[in-house]
Amino acid sequence: MTGFPGTTGLILNEPLLWEKGKQGRSGMSLPHRDVNRAPFPEELLGTPPEFPDLSEVDVVRHYTRLSQWNFGVDTGMYPLGSCTMKYNPKVNEKLASLPGFSKAHPLLPHQLCQGALALMFELERLLAEVTGMDAVSLQPAAGAQGELTGMLIIHACHKSRKSQRSKIIVPDTAHGTNPASAAICGYRPVKVKSNEQGVLAAESIAELMDEETAGIMVTNPNTLGLFEEHISEISRIVHDKGGLVYCDGANMNALMGIVDMGKTGVDVLHLNLHKTFSGPHGGGGPGSGPVCVKKDLEPFLPVPRVMEQDGTYLLSEDFPESIGKVHAFYGSFGVSVRAYAYILSMGPELKTASQLAVLNANYIKEQLKGTLHLEYDRPCMHECVFSDKLQRAHKITTLDMVKRLMDYGFHPPTIYFPLVVEGAIMIEPTETESKENVDLFIDAMKAIAEEAAQNPELLRSAPTRCKVRRLDETSAARNPCLTG
Amino acid sequence: MTGFPGTTGLILNEPLLWEKGKQGRSGMSLPHRDVNRAPFPEELLGTPPEFPDLSEVDVVRHYTRLSQWNFGVDTGMYPLGSCTMKYNPKVNEKLASLPGFSKAHPLLPHQLCQGALALMFELERLLAEVTGMDAVSLQPAAGAQGELTGMLIIHACHKSRKSQRSKIIVPDTAHGTNPASAAICGYRPVKVKSNEQGVLAAESIAELMDEETAGIMVTNPNTLGLFEEHISEISRIVHDKGGLVYCDGANMNALMGIVDMGKTGVDVLHLNLHKTFSGPHGGGGPGSGPVCVKKDLEPFLPVPRVMEQDGTYLLSEDFPESIGKVHAFYGSFGVSVRAYAYILSMGPELKTASQLAVLNANYIKEQLKGTLHLEYDRPCMHECVFSDKLQRAHKITTLDMVKRLMDYGFHPPTIYFPLVVEGAIMIEPTETESKENVDLFIDAMKAIAEEAAQNPELLRSAPTRCKVRRLDETSAARNPCLTG
Amino acid sequence: MRYLPHTEEDIASMLQAIGEKSLEGLFATVPDSCRRERALELPEPFGEFELCERVGNLAGRMAVSPKYSVYLGAGSYEHFIPASVSYLLGRSEFSTSYTPYQPEISQGTLQAIYEYQTLVARLLGMDVANASLYDGASALAEALSMAVRVTKRDKVAVSSLIHPAYRRVVQTYFETTGHEVVQLPYLSNGRTDFSKLEEIQDLAALAVQSPNFFGCIEDIQTAAEVAHQKRALLVVTFSEPLAYGLLKSPGSQGADIACGEGQSFGVPQSFGGPALGMFATKMEYVRNLPGRLVGQTTDIDGNRGFVLTLATREQHIRREKATSNICTNNSLCAVAAAMYMASLGATGLRELAALNRDKAEYLKRRLMETGAEKPFEAPTFNEFVVKFPNSFEATYERLLNKGIVPGLRLERHYPELTGHYLLCVTEIRTKAEMDALVKEIAS
Amino acid sequence: MRYLPHTEEDIASMLQAIGEKSLEGLFATVPDSCRRERALELPEPFGEFELCERVGNLAGRMAVSPKYSVYLGAGSYEHFIPASVSYLLGRSEFSTSYTPYQPEISQGTLQAIYEYQTLVARLLGMDVANASLYDGASALAEALSMAVRVTKRDKVAVSSLIHPAYRRVVQTYFETTGHEVVQLPYLSNGRTDFSKLEEIQDLAALAVQSPNFFGCIEDIQTAAEVAHQKRALLVVTFSEPLAYGLLKSPGSQGADIACGEGQSFGVPQSFGGPALGMFATKMEYVRNLPGRLVGQTTDIDGNRGFVLTLATREQHIRREKATSNICTNNSLCAVAAAMYMASLGATGLRELAALNRDKAEYLKRRLMETGAEKPFEAPTFNEFVVKFPNSFEATYERLLNKGIVPGLRLERHYPELTGHYLLCVTEIRTKAEMDALVKEIAS
Ligand SMILES: Cc1ncc(COP(=O)(O)O)c(C=O)c1O
Ligand SMILES: Cc1ncc(COP(=O)(O)O)c(C=O)c1O
């Protein structure tokens, strides 16, 4: 295992917050009290919650220690499939935290918040250019909410056409959020299988598409990392039956500057700014999931919308057909600032980013096939999906292999997704990993496959280098302990 | 070893900078070139130095990984004697990096830098108040330069009095910088022994002090953590012989709000803003070592000095007797900002800080004496000094014990200093360690003393939890490899 | 380009290993019909220096303190965030990691979220809190959907004193579901009128906000009785959780679900987002809870550790039958809130809440002296409604030009309330600022 | 107080363990004669909010870009620092640790400094560099003292085109030593005149700065010949190390010691400090080197690691016989410089240096068009001297009011140079800014 980044070193234990602290300590100072105490109605007064009192150094050490138990993109390669864990530029953090943005109240009179409105307006135009769509709303707070927003737009569109539809076609490769989002607006997802190439066959859509069906949700590239080659044909079929095409654009990192989503027949698309456009993932969020639509769906976009009137920017509610609001204000503005900074930093090189993301993925695919079973042996886009088929002989599972990968100093790929591949190992390197890193990762996977054959126990007992060993998730779910 | 903070976890190996990278990569962008290339004389043009070309993510990961091999005050208790490793408030970092300060040119016309001049002026007044001295210069860049400045002031004072003196009295307990600083300005340090109480006896000074002697350098509290009780008497003796008293005030953290350095007879004093006044130690610096003097030595202070004239602040060079400059500009202004912020945050509570620093030190002294040999069993100030005398029976040295302490999750104390205590272990907890932390540290030392008796090999082979095991310092010095 | 590490040689040798001649070749599976006709029309790449200039100029065109005194609340609150919290949150081990699917390598995030869940549950007096939702508005929508699931009924009653935007988001989420949303009017004292509930059958949930949109503190006790009489769940929502540093917790007064906006706790206002959807409920409903949950467990050596748990509620397992479609949540905002609550402590929380209330009361009193009226009698926390004389329209514009934003016009949201303004005062508004405002208004 | 964790009970129980009744009692060994007569007269403690306001106001009263265009160099240079460097440097494992006396627990600092030493040695073309000194001025003083030690001679010759402040610090350090400091005049082309050296005997060192204080690039080759003829060491100093992205390195031209100011490499100007004293020399002199050194070694398992080494030169071992009194150095500034050099790389360094030079040449040319004169012919890097017509005095004041600081008056430092100004142009000055300056001057 020498030559790989993983090793062990001194880290510090740290109890839970309320296992430390003493009443009367203080971790922050309050502004000076310059007014008298006002009487407060007895009957409304509660007992203070049981928060521990800590000093500032207690708090700083607590979270400094916790941070060192975490692995982030800044720590090393994080090839978590479908999540586009690319490098998050530091300057974007600096810009998002400029007081003019971070301290801005969302309800400022428009003449007092021109900077933020201009940024939102410009970002919408930039995203339209990158996707090939016509109009954009930044309001959805993450991809899943973008999907819901898109579904509601489709629903509103059908309604405006006086057409009642109850179903929506969702491929078996779709991300779980797709059917979940469709369900929220009352659509019954109809599952369609991908063909032996791992993509949707036009025929299978033709069979399912009817006047009862609102449309289809395609992810393109799909979650097998494959481009839906027949998308144009499929769109035609769906449109012919009066349906609409929704595209889950979470994987846009493969296609920037190459594919025109509009041309593929997509009517509604969502983007994940926290993936394709370098927003940091924050240990689970926040994200941002703008929806992009073709002209004829623009009236249905969420309100308010940012408008420009001879140099002045305004927020307008004046869209009677709008689906309404999905966020209290305008979505994750702070993430929009980062995406805006990222797009301006990259410019036309966004295309290069996509090309290199796809290069890295295909390179890994070629180097590891044979070592790991490759379910669909064809050119992939930004990610490639293997399985543990070859390792089952040694009673080694995908889980065992990725736990071992931690000891080698890499974050595991996405596992057991997409569901169509049994024991899936979904690897998305992204463009910000150098060839050296990618080669090290490949060598690690090969070494692990070797260990699986020679010394499988190494894998089953992995990880050994992390702060904790393998955790008991079953009993965690059986008798949940969710608060301390 | 359970119950102690030290444990192990995943950290990442990282090669040397030039072991990675590829020509043509770039870790930062340059401002846009908006002018033409100008011809550059061939004969002056060199070949570019062999720097590696790295991408931004390479650089970020390199230093993120390196940082995780380090132990700082934010990681845990750092009782490094004589260094006052107290908590460094985060707000001070924020304030020091305000563009108005961090981007300020030192030669701005005075009307364009009033903010910085006002801060320096006010800080000098605040330090004068805390020490009881009359005038202050912030110019010395660290404690040792403060000492040199002080010695030069003393030298200049004697010269102005037409008195030629060649010697200076320096106690055996003095920090190494004291004799070194004295030597630079041509003084021959005359060593004086402390008495069996670990402090200077007036008699021994009386014996040595003569008209050949420029004065004395006392550290108070001294490096044994003891207050020089006879300082007033000693000052009188020195003054009577026309000498001057220099006080190394690096240990001022014990005395704020309690002792008036002026009253003790001190003529010149230096402070370490990076210790007493919470400046972060930066892995070795930068520091700041202001000199404080009594009125009659003010004319000799370094120039320029900050002056106030009806509300406007100026820099004045108009001090003909000044020793001149010790820094290209005004010293570590950035550290001054932090000290200023710290003093304003603490206000009169600086006294409480000193009381609690002394409380922590005496508490450790009482709890550990018996476990470790306490050289001078009397009330200490901000630190206490033990030795490995009791452990020698087991062939265990101070070094062995502190290496083991790392595995327990603490930074070692200062060791083998002061030189007057053989195998010294010099512990300065500072006031920002809670009783819980101090108790844990005490338990760790007791456990280690126990191990020294029961299982000495554990100590000799320590540390085992750090990224590297015990390092070979001898061969490092014998065949130095200082560049890669 | 500094974000793209590949050199020409790297690309060449990787292409060779793949057996492709060019980068374009990698996209053979993309039909021409799908390709862009023209290259991306984007500005040339900005260097970091020019980028900071450009974005800095935009940020410079925003009205923020200290240059401006903004008395706006209404769902976004200007509270002081200590430098320690911003620093810790910026440590990239927190910010550049993702959902802790692999617990052994994510214990930092997991313990931090477990602690967040615990502090939120304690603050709201509930059994369990989730790992965060997007914001207060979607949290309320999720709460009402959950109540529908739990009670298997399809009507929800919503106080008209719940933040207008939250109610609109509920409308949007419910639009296509066929579930009915009934709005409850408000009383002259600035609290919700529950009487209308009488005639409603099959009620799944009653939702009230406290402090409500007028800043008034609702009578949760009564709301609970009314709701439980009808065997409906009581959902208590909020936009200013700091109020619970003083007020009785929703849980202690019978709430079944407590949810709302957590931005006040260490999350920058950031023009409205990212925000923090707080969501807490009783243990009996935990399997109907939307969003992620962190639970405590042990590793094979018996050491304490934390994992994501009860995932069978979630979309990646349950797909269309999931309790919610949420995947990415607002984790980093939750960690910020935990850091902030940890820094405050119980003692600090109580005192900070009192300071907000007392400063607001001070301004309220001073404004009354200028002839403004206090239309609603119910006690308030750090926001309150004031009716200004008609002449105020002009004053409002004058104040804007002086760098003061004297609250929010209510008429847009409540047409009957002409001349009514909602003002907010937090701990960072000084007496001096407030006196200046009063002086301006009086003049 | 948030920085003081002790509660009343903590204090009580600790005092009891010690056997003291009160905190005051702990100071029994302090005689009354030494005690303060009155309590500290300091303002009441500022909360963080008020502190930020107070210090923020001071920072607001400073002339910095982008609001001001400052054409000052003269030892402090405005270079763009990428956010990545500031972020990394702010990680508290670097900033809150101290001198790595205990190597096993300090490998981060040690490897970073080892890399710094290597990059500096490569930049300057020397064998070895130390871990940093305070600033360029004290670095020069240390260099000359070292030359005295090495050569056992006591005269040093110093070019009058070395930064005036550096020369004054040398004076201060040498004042009491009895060593003689000879100043060398300058030639009409803006370079040092070495002729005066002829008559000097027992020369320990010749010191020249390149680029010198006039921005002119010195003839190091010749300086080396002259110095070595006299068996003296050549000390090459600098205030703008970026120049060595273009220039031949001091080492390649015969320098025995190269030292100066490293602030240009990622260290904020910060009103002059903390700065970064760079110091490099030949291996043969390493045991005479001032300051700390990090060396590579192995641990007992044979793994690579780094330690402080050759400590026998230093004050804590050698006391009065040490090569220097330095203890705390400017380590974090050295790490900043390493991060900055690593981010630039060889390619970026060359291009950045060229950009500085080319922008400076542009302004120089444009100023000549306005009738200003170029008194010195020698080639320059990013600083140059200009003689303005007498009318310029007024213009200077006008420009200040317009937010432009058009360089440094040289008269104060060189009385003969009335009307002469030293201007600096770095990569962050745009053509537009320079054109505006020229326009203003011409008008
Ligand atoms: C393909 C795909 N679709 C949708 C989503 C949901 O996006 P989010 O997590 O931002 O809600 C994801 C992210 O996990 C995804 O990978
Ligand atoms: C007692 C004492 N004096 C002087 C010094 C020297 O101060 P500095 O390291 O800032 O030069 C120190 C610091 O190590 C010290 O502890």
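Chain identifiers are assigned alphabetically (A, B, ...) following the order of the sequence lines, protein sequences preceding nucleic acid strands; residue numbering begins at 1 within each chain.
Shown here is D/Asp301, whose CG atom has more than 12 heavy atoms of other residues, nucleotides or ligands within 6.0 Å.
For D/Val128, the parts sitting under 4.5 Å from any heavy atom of chain B are the backbone and the side chain alike. If you measure heavy-atom distances from D/Leu293 to chain B, the contacts under 4.5 Å come from the side chain alone. Both the backbone and the side chain of D/Asp10 have a heavy atom closer than 4.5 Å to some heavy atom of chain B. For D/Glu78, the part lying near chain B is the side chain, with the backbone staying farther off; criterion is any non-hydrogen pair under 4.5 Å. For D/Ser132, no part lies under 4.5 angstrom from a heavy atom of chain B. When heavy atoms are compared at a cutoff of 4.5 Å, D/Arg350 approaches chain B solely by way of its side chain, counted from C-beta outward. Heavy atoms closer than 4.5 Å to chain D are found in both the backbone and the side chain of B/Leu44. Interface remark: B/Pro463 contributes side-chain atoms only to the contact with chain D (heavy atom separation under 4.5 Å). In this structure, the portions of D/Thr430 lying under 4.5 Å from any heavy atom of chain B include both its backbone and its side chain. Both the backbone and the side chain of D/Thr172 come within less than 4.5 Å of a heavy atom of chain B. In this structure, the portions of D/Pro43 lying under 4.5 Å from any heavy atom of chain B include both its backbone and its side chain. Both the backbone and the side chain of D/Pro103 come within contact range of chain B, judged by heavy atoms closer than 4.5 Å. For B/Ile231, the part lying near chain D is the side chain, with the backbone staying farther off; criterion is any non-hydrogen pair under 4.5 Å. Of the atoms belonging to D/Ile217, it is side-chain heavy atoms, and not backbone ones, that fall under 4.5 Å from chain B. When heavy atoms are compared at a cutoff of 4.5 Å, B/His327 approaches chain D by way of both its backbone and its side chain. Contact annotation for D/Ile11: both backbone and side-chain heavy atoms come within less than 4.5 Å of a heavy atom of chain B. Residue contact with chain B, scored on non-hydrogen atoms closer than 4.5 Å, involves the backbone and the side chain of D/Gln117 alike. In this structure, chain B has heavy atoms under 4.5 Å from both the backbone and the side chain of D/Val55. Using a 4.5 Å cut-off between heavy atoms, B/Pro412 touches chain D through its side chain atoms alone. In this structure, the portion of B/Asn88 lying under 4.5 Å from any heavy atom of chain D is its side chain and not its backbone.
With respect to the salt-bridge test (charged N to carboxylate O, under 4.0 angstrom), the residues B/Arg378 and B/Glu229 qualify. A salt bridge does not link B/Arg470 to D/Glu104: none of the charged nitrogens lies less than 4.0 Å from a carboxylate oxygen. Taking the charged nitrogens against the carboxylate oxygens, B/Arg37 and D/Glu361 have no contact shorter than 4.0 Å, which rules out a salt bridge. We find that D/Glu314 and D/Arg292 are joined by a salt bridge, their nearest charged nitrogen and carboxylate oxygen being less than 4.0 Å apart.
Formation of a donor-acceptor pair under 3.5 Å by the B/Asp53 side chain with backbone atoms of B/Ser26 is not found in this model.
Per-residue heavy-atom pair counts under 4.5 Å with chain D were compared for B/Pro89, B/Gly21, B/Gly186, B/Gly132, and the maximum is reached by B/Pro89. When the candidates B/Phe71, B/Phe227, B/Tyr330 are compared by the number of heavy-atom contacts under 4.5 Å with chain D, B/Phe227 comes out ahead. Between chain D and the options B/Thr264, B/Leu350, B/Leu344, heavy-atom pairs under 4.5 Å are most frequent for B/Leu344.
Between the side chains of B/Glu147 and B/His175, no donor N or O sits under 3.5 Å from an acceptor N or O.
Between D/His163 and D/Tyr166, the two ring planes are parallel [angle under 30°; tilted spans 30° to 60°]. The aromatic rings of D/Phe94 and B/Tyr63 stand perpendicular to each other, their planes meeting at an angle above 60°, with 30° marking the opposite boundary.
Applying the side-chain hydrogen bond (donor to acceptor under 3.5 Å, both in side chains) test to D/Thr298 and every residue at least two apart in sequence or in another chain returns nothing.
The closest side-chain heavy-atom distance from D/Val405 to D/Leu400 is below 4.5 Å.
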